[in-house]
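Read the structure below first, then the notes.
By convention in this document, chain letters (A, B, ...) are assigned in the order of the sequence lines, proteins followed by strands, and residues within each chain are numbered from 1. As the structure is a prediction and not an experimental result, all values here were calculated from the model.
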Number of protein chains: 2
Amino acid sequence: MSKILMGPKTLIYPMPTLLVGANVDGKPNFMAVAWGGIANGDPPMISVAIRPQRYTHRGITQNLTFSVNVPSTGLIREVDYCGIVSGSEVNKVEVCQFNVLYGKLGNAPLIEQCPINLECKVEHILELGSHSLIVGRVEETHFSESCLTDGKPDVNKIKPFVFTADPARQYQAFGEVMGRAFSIGRELKAKE
Amino acid sequence: MSKILMGPKTLIYPMPTLLVGANVDGKPNFMAVAWGGIANGDPPMISVAIRPQRYTHRGITQNLTFSVNVPSTGLIREVDYCGIVSGSEVNKVEVCQFNVLYGKLGNAPLIEQCPINLECKVEHILELGSHSLIVGRVEETHFSESCLTDGKPDVNKIKPFVFTADPARQYQAFGEVMGRAFSIGRELKAKE
């Protein structure tokens, strides 16, 4: 098996697709974010990487709150749109016809149509170069009742999707179940 | 559409599945990590959340280097195994039959069988509670030639997968292509 060098700037990597929201000058705005991940378990925290020039970034630093909304595949057009245009030029909430809710924090806008909404309080901001790595503490999670099965979150109803970077530049649904986590690896215990 | 509160500790979220590697006391070890994401574009950085008690964490703080290896679906057993057992008790490299390579940094172990390998130098460590958020600068990316099509990375050959958390606790392949990124959203421009 032979390897080639791609240089450090090739960030090929499985990425989520999220809508990060903030109130900017008192009005809700959302941007598409693929550069994020869970940052801590207890207390629960999440990180998102956002360029300081972005309109949403301004809202996050104004309020020190933001939301992370996990969209379903049915919202792909809206998600992509929120990644193409700036809230400084258009009212994305209107164009996308998002129903905006507020929860515990009062000023982190949540998208009703997204099955999962996290309300976050800014805990750290690391200036890393092109992007600010914003670490938020998850204060509350909202979940659409229609995506539950027997009272539990059902990934087949949530229908999250991933972003596949260059050169594919596409959104892909979660696909075939390949194995049970914390289980299928036990087969290797016989080789210990 | 009605919403329910899940509490802050429900980290439901699309997550990658990765093998993070480090030399611990001079010997290569790998752990499964789902809590990570891209942290910066220029210079390229990546973040991973790891409990300080973990064996791999010891190696990362010893060398201030680590690797991020993106596995293919064919390695699901090995990935799950690396998340179940500790390198303090078993030699995971032997059990999983990983071919270990070293690149530019010299002490960040790479798994030849994984199509993508990032060599990282620790830039920041944030102690957030249960986990350390380790931000690494990507110094080099290695890519398996067999996963290229016309000289470019091909997601259908890389075959990355995601981790679906509770209650599903499963690994899922990348599935159906739902749309072109930076493109399908343009359909909404007519509504501006």
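Inter-residue side-chain proximity for B:Arg186 and A:Tyr81 is flagged as unmet; no heavy-atom pair is nearer than 4.5 Å. With contacts defined as side-chain heavy-atom distances shorter than 4.5 Å, the pair A:Ser144/B:Ser2 does not qualify. Proximity of B:Ser130 to A:Asn40: side-chain heavy atoms (C-beta onward) are separated by under 4.5 Å at one or more points. A:Leu188 places none of its side-chain heavy atoms less than 4.5 Å from the side chain of B:Ile84. A:His131 places none of its side-chain heavy atoms less than 4.5 Å from the side chain of B:Ile38. Contact annotation: the side chain of A:His142 approaches that of B:Leu5 to within less than 4.5 Å [non-hydrogen atoms, C-beta and beyond]. With a 4.5 Å cut-off on side-chain heavy atoms, A:Leu126 and B:Leu126 count as touching. Considering only heavy atoms from C-beta on, A:Pro14 stays 4.5 Å or farther from B:Met15 through its side chain.
Environment of NZ in B:Lys157: crowded, with over 12 heavy atoms of neighbouring residues, nucleotides or ligands closer than 6.0 Å.
Listed here is the closest heavy atom pair of B:Val177 and A:Gln170: CG2-NE2, 3.5 Å. The heavy-atom pair separating B:Ala181 from A:Phe163 by the smallest distance is CB-CE1, 3.5 Å. Nearest approach of B:Val135 to A:Leu133, heavy atoms of both residues: CG2-CD2, 4.0 Å. The two residues B:Gly175 and A:Gln172 make their nearest non-hydrogen contact at O-NE2, 2.9 Å. The two residues A:Phe182 and B:Asp80 make their nearest non-hydrogen contact at N-OD1, 2.6 Å. Here the closest non-hydrogen pair linking A:Met45 and B:Leu128 is CE-O, 3.6 Å.
Under the 3.5 Å distance criterion, the side-chain polar atoms of A:Lys3 are left unmatched by any main-chain donor or acceptor of B:Glu145.
In the hydrophobic clustering of ILVMFWY residues, with side-chain heavy atoms under 4.5 Å counting as a link, B:Ile46 and B:Leu64 come out together. Following chains of ILVMFWY side-chain contacts shorter than 4.5 Å, one can reach B:Val155 starting from A:Val162, so the two form part of one hydrophobic cluster. By the rule that hydrophobic residues join a cluster once side-chain heavy atoms approach within less than 4.5 Å of another member, B:Val79 and B:Tyr55 end up as members of separate clusters. Hydrophobic clustering of Ile, Leu, Val, Met, Phe, Trp and Tyr side chains at less than 4.5 Å, counting indirect connections, keeps A:Phe174 apart from A:Leu19. Using a 4.5 Å cut-off between side-chain heavy atoms of Ile, Leu, Val, Met, Phe, Trp and Tyr, with links allowed through other members, B:Leu105 and B:Val20 fall into different hydrophobic clusters.
Interface remark: B:Leu18 contributes side-chain atoms only to the contact with chain A (heavy atom separation under 4.5 Å). For B:Val68, the part sitting under 4.5 Å from any heavy atom of chain A is the side chain, from C-beta outward, and nothing else. Only the side chain of B:Val85 has a heavy atom closer than 4.5 Å to any heavy atom of chain A. Looking at B:Ile134, neither its backbone nor its side chain comes within 4.5 Å of chain A, counting heavy atoms on both sides. Both the backbone and the side chain of B:Val95 have a heavy atom closer than 4.5 Å to some heavy atom of chain A. Of the atoms belonging to A:Leu101, it is side-chain heavy atoms, and not backbone ones, that fall under 4.5 Å from chain B. Interface residue A:Glu78: backbone and side-chain heavy atoms are both found under 4.5 Å from chain B. Heavy atoms of A:Leu110 lying under 4.5 Å from chain B are absent altogether. Heavy atoms closer than 4.5 Å to chain A are found in both the backbone and the side chain of B:Glu140.
Of all the listed residues (B:Gly129, B:Ala173, B:Ala32), the one sharing the greatest number of non-hydrogen pairs under 4.5 Å with chain A is B:Ala173. For the set A:Glu139, A:Lys152, A:Lys191, A:Glu192, the entry with the most heavy-atom pairs within less than 4.5 Å of chain B is A:Glu192. Contact count against chain A (heavy-atom pairs under 4.5 Å) is highest for B:Lys189 among B:Lys92, B:Glu94, B:Lys189. No other option in B:Pro43, B:Pro167, B:Ser47, B:Ala190 has as many heavy-atom pairs under 4.5 Å with chain A as B:Pro167.
To the nearest 0.5 Å, atom CE of residue A:Met6 and atom CG of residue B:Leu118 are 10.5 Å apart. Taking CE from A:Met178 and CG from B:Leu75, the interatomic distance works out to 11.0 Å, rounded to the nearest 0.5 Å.
Checked by atom type, the side-chain pair A:Glu176/B:Tyr171 shows no donor-acceptor distance below 3.5 Å.
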